[in-house]
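Note that the structure is a prediction, hence the values are computed from the model and not measured. For the numbers below, each heavy atom of this structure counts, side chains included, while hydrogens, waters and symmetry mates do not. Residue numbers start from 1 in every chain, and the chains themselves are labelled A, B, ... in the order their sequence lines are given, proteins ahead of strands.
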There are 2 protein chains.
Amino acid sequence: MYNSDVFRRISEKSSMMSKSQNKIAQFIINHPDTAPFLTASKLASRAGVGEATVVRFANFLGYRGYPEMQQHLQEAIKRQLTTVERLELSSEEYSEDEKVVYEILNDDIQNIKNTIQRIDPAEFKRAVQAIIEAERIYILAYRSAVSLGTFLEFYLDLVLQNTELIRSADGVSEHLLGIKEQDLVIGIGYARYTRRTVEVMKYAQEKGARTMALTDNLMSPLIPYADIKLLANSEISSFIDSFVAPLSIINALITTVTRKEQHKVKKRLADLEDLWATFHVFK
Amino acid sequence: MYNSDVFRRISEKSSMMSKSQNKIAQFIINHPDTAPFLTASKLASRAGVGEATVVRFANFLGYRGYPEMQQHLQEAIKRQLTTVERLELSSEEYSEDEKVVYEILNDDIQNIKNTIQRIDPAEFKRAVQAIIEAERIYILAYRSAVSLGTFLEFYLDLVLQNTELIRSADGVSEHLLGIKEQDLVIGIGYARYTRRTVEVMKYAQEKGARTMALTDNLMSPLIPYADIKLLANSEISSFIDSFVAPLSIINALITTVTRKEQHKVKKRLADLEDLWATFHVFK
DNA sequence: CATTATATGAAATATTTATTTCATAGTACA
DNA sequence: TGTACTATGAAATAAATATTTCATATAATG
């Protein structure tokens with residue numbers, strides 16, 4: 001299985017390589033994330049050898065032809081993509097049962113990493129700006145996503161005092177009836193996208209309000225109705241969707257908004273401190 | 001530059017896609033590290049459409065042909081490979097402001113990594129067992145932690161139907177008055193630990209119920225009253241605490257409980273599916 | 001320094017992959 | 001319910017890519 005690994009084969013046979021073959025091997029090793037995408041003739045010219053030599057090189061390593069070698073190079077790159085952080089869960093050290101927790105936490109690390117890749121800084125900036133400029137903010141979240149909505153509402157309302165979470169599932173809330181163009185609606189939608197979230201987003205957009213979606217991918221049904229799109233991955237080895245990466249994005253939103261509005265927020269937080277102290281809210 | 005991004009183009013045009021084109025878009029988005037390596041015909045069969053439709057899809061997105069689209073998909077994957085590990089925080093590429101989001105997400109990765117280090121598999125196992133054995137489960141969460149509580153309640157109640165979230169801050173809820181030894185109280189407490197959470201945990205333990213704490217460290221005021229202790233880090237460069245790692249632990253809890261109780265849970269989930277279908281809850 | 005063996009690349013050929021064509025199925029609209 | 005319009009995939013054709021051939025260069029051997 002593993003002897004299919006191109007790099008292993010190269011190192012095994014490196015002593016028997018001709019001058020040109022060495023050039024090719026060198027190129028592949030020095031450009032591991034370019035080589036898998038090249039055609040035989042491109043690889044040839046990049047490595048400075050003839051086309052035929054490349055094909056012979058593949059045969060030399062034991063492949064049936066260049067495409068087979070190419071495929072194995074691609075496999076290697078794919079493994080890299082998916083297992084970056086994979087812990088050694090294979091051993092017998094832990095029972096099936098105990099592995100789950102490690103598996104899930106690693107999946108979630110991967111989710112955040114993939115989310116980082118997909119961040120569009122300009123779009124994120126727009127999201128922050130929209131929150132700051134909004135007169136009122138409505139957060140749409142149903143079912144399990146209510147947890148995310150609750151968190152976002154808690155902090156946005158703490159610092160801006162103009163945020164409200166819409167969670168009742170029946171029809172468009174009365175609160176949204178008077179929605180204005182200066183208002184912002186943030187829809188949170190994952191996996192089994194709740195129909196209601198989509199409907200309300202659509203309604204808000206038709207009313208001319210700004211809309212923002214936090215969802216898992218661009219094919220999500222929320223996307224067509226979102227002026228601002230934030231993506232965060234949610235896949236874990238479970239029957240549930242993970243809200244870890246979206247929550248991290250929310251952390252970032254709250255933090256950035258607060259830093260930008262520091263001058264306004266500072267006094268309010270200080271006042272709150274006094275209030276909390278008076279009522280002994282914290283230990 | 002960025003308009004070359006396949007995913008962006010897909011989202012821009014997603015509203016004008018036909019049924020088959022949607023299938024293709026769906027496939028590409030759901031298999032971003034497989035799609036770039038497929039030939040037009042393989043992508044066609046994997047997405048369940050004709051070969052010609054794939055070529056037309058590439059044209060539809062504005063590419064001169066399939067190979068051009070493929071190349072752009074490969075670029076995206078290459079970018080990922082080279083940047084996953086290195087943070088883009090060093091350079092002047094991003095403004096102070098744009099860095100925050102990368103900073104926070106990386107902090108959260110670190111939180112999960114540290115949390116993994118601190119997992120005690122035996123203790124985690126006890127936590128799962130306690131949840132399964134409990135007659136009734138009460139979750140204590142106040143203020144921002146309500147979000148975590150909501151999530152945990154949602155799924156535990158979904159699969160076990162014996163869970164309740166206590167969130168009102170005034171005194172000990174009436175629900176807890178009749179608490180028994182076979183019941184379990186799960187307290188979630190972070191940073192500015194709310195006094196109320198601690199008091200209720202103490203009350204529950206005095207009444208003989210089992211107690212479990214999800215908190216950030218062993219010095220947390222919840223710890224003395226917890227029979228079972230789960231730790232998850234929460235520090236990020238912000239004025240708020242991050243619930244990302246605790247949420248990941250909750251993911252793991254829910255997943256493990258559900259897998260262990262599969263025989264009981266399976267039927268219930270199937271029934272729920274029917275119910276949801278009847279009421280068109282999902283898009 | 002011949003002589004043989006081996007390696008090499010340009011060009012010819014074979015194979016694979018992409019594109020276009022065309023007949024038909026599916027939709028939208030009157 | 002018929003008519004026009006659009007979308008679709010199987011098959012034909014075109015283009016790109018891989019492999020083989022063959023003449024020549026290079027190295028190895030006595």
Side-chain angles (χ1 to χ4, degrees), chain A residues 4 6 9-10 12-29 31 33-78 219 224, chain B residues 4 6 9-10 12-29 31 33-78:
Chain A
S4 65
V6 183
R9 294 196 191 192
I10 288 179
E12 274 169 14
K13 299 228 168 187
S14 67
S15 56
M16 322 171 216
M17 284 183 194
S18 71
K19 215 193 291 179
S20 300
Q21 286 180 327
N22 210 66
K23 277 191 200 170
I24 298 171
Q26 213 65 37
F27 181 88
I28 292 176
I29 286 172
H31 304 83
D33 30 304
T34 303
F37 302 105
L38 300 175
T39 63
S41 79
K42 275 183 193 147
L43 174 52
S45 70
R46 298 276 221 109
V49 302
E51 198 167 344
T53 307
V54 168
V55 174
R56 290 190 195 105
F57 181 80
N59 295 145
F60 167 75
L61 291 184
Y63 297 106
R64 304 180 79 189
Y66 179 76
E68 192 175 298
M69 182 178 88
Q70 191 185 36
Q71 217 180 301
H72 284 267
L73 281 169
Q74 295 178 346
E75 286 303 323
I77 223 175
K78 272 203 265 181
M219 296 308 285
Chain B
S4 65
V6 183
R9 294 195 191 190
I10 288 178
E12 277 169 13
K13 299 228 165 186
S14 69
S15 57
M16 321 171 214
M17 283 183 196
S18 69
K19 217 191 292 176
S20 299
Q21 287 179 325
N22 209 67
K23 277 190 201 171
I24 299 171
Q26 211 64 256
F27 181 88
I28 292 177
I29 282 171
H31 303 84
D33 18 306
T34 303
F37 301 106
L38 300 176
T39 63
S41 79
K42 273 181 193 150
L43 173 53
S45 71
R46 298 273 223 112
V49 303
E51 193 166 348
T53 308
V54 168
V55 174
R56 289 190 197 105
F57 181 79
N59 295 144
F60 167 76
L61 291 184
Y63 297 105
R64 305 181 81 189
Y66 179 77
E68 192 175 301
M69 180 177 91
Q70 192 186 35
Q71 217 178 300
H72 283 271
L73 281 170
Q74 295 177 345
E75 286 304 322
I77 222 175
K78 274 203 263 182

Spacing of [X] atom [atom1] relative to [N] atom [atom2], expressed in whole Å:
X       : N      : atom1 : atom2 : value
B:Gln21 : D:dA7  : CD    : C1'   : 9 Å
B:Leu38 : C:dT16 : CG    : C1'   : 15 Å
B:Gln71 : D:dA16 : CD    : C1'   : 13 Å
B:Gln70 : C:dT17 : CD    : C1'   : 10 Å
B:Glu51 : D:dA12 : CD    : P     : 13 Å
A:Leu43 : D:dA16 : CG    : P     : 20 Å
B:Glu68 : C:dA18 : CD    : P     : 14 Å
B:Arg64 : C:dT17 : CZ    : P     : 22 Å

[X] side chain N/O closer than 4.0 Å to the phosphate oxygens (OP1, OP2) of [N]?
X       : N      : answer
A:Ser41 : D:dA18 : no
A:Thr53 : C:dT8  : no
B:Ser20 : D:dA7  : no

Practice item. Would you work out how much the helix from C:dC1-D:dG30 to C:dA30-D:dT1 bends between its ends, with each end axis defined by five base pairs, to 10 degrees? Key: 30°

Check your understanding: DNA chain D: B:Gly50 or A:Pro67, which has the more 5' nearest nucleotide?
Key ->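 Looking at DNA chain D, the more 5' nearest nucleotide goes with B:Gly50.
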
Practice item. Have a look at A:Val54 and say if it touches a base, only the backbone sugar-phosphate, or nothing, with a 4.0 Å heavy-atom cut-off. Key: nothing

Review point. B:Ala52 near the nucleic acid: base, sugar-phosphate alone, or nothing, with a heavy-atom cut-off under 4.0 Å?
Key: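 Result for B:Ala52 = base.
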
Taking the side chain of [X] as heavy atoms from C-beta outward, which of [options] is closest to it?
X       : options               : value
A:Val55 : D:dG9, D:dT20, C:dT19 : D:dT20
B:Tyr66 : D:dT19, C:dT8, C:dA18 : C:dA18
A:Lys19 : C:dT8, D:dA18, C:dG9  : C:dT8

Point to revise | With B:Asn59 via side-chain contact (heavy atoms from CB on, under 4.5 Å) - residues at least two apart | key: B:Val55

Practice item. Indicate yes or no: at least one non-hydrogen side-chain atom of A:His31 is less than 4.5 angstrom from one of A:Leu38. Key: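 A:His31 vs A:Leu38: side chains apart.
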
Review point. With a 4.5 Å heavy-atom cut-off, do A:Val54 and A:Phe27 have their side chains touching?
Key: no

Exercise for review: Apply ring pair (Phe, Tyr, Trp, His ring centres under 6.0 Å) to the pair B:Phe37 and A:Phe37, showing each step before the final yes or no.
Suggested key: CA-CA 8 Å; B:Phe37 301 106; A:Phe37 302 105; 5.4 Å; yes

Exercise for review: Spell out yes or no: do the side chain of A:Arg56 and the base of D:dT21 have one donor N/O and one acceptor N/O closer than 3.5 Å?
Suggested key: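 Between D:dT21 and A:Arg56, which were checked side chain against base, a qualifying N/O pair under 3.5 Å is present.
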
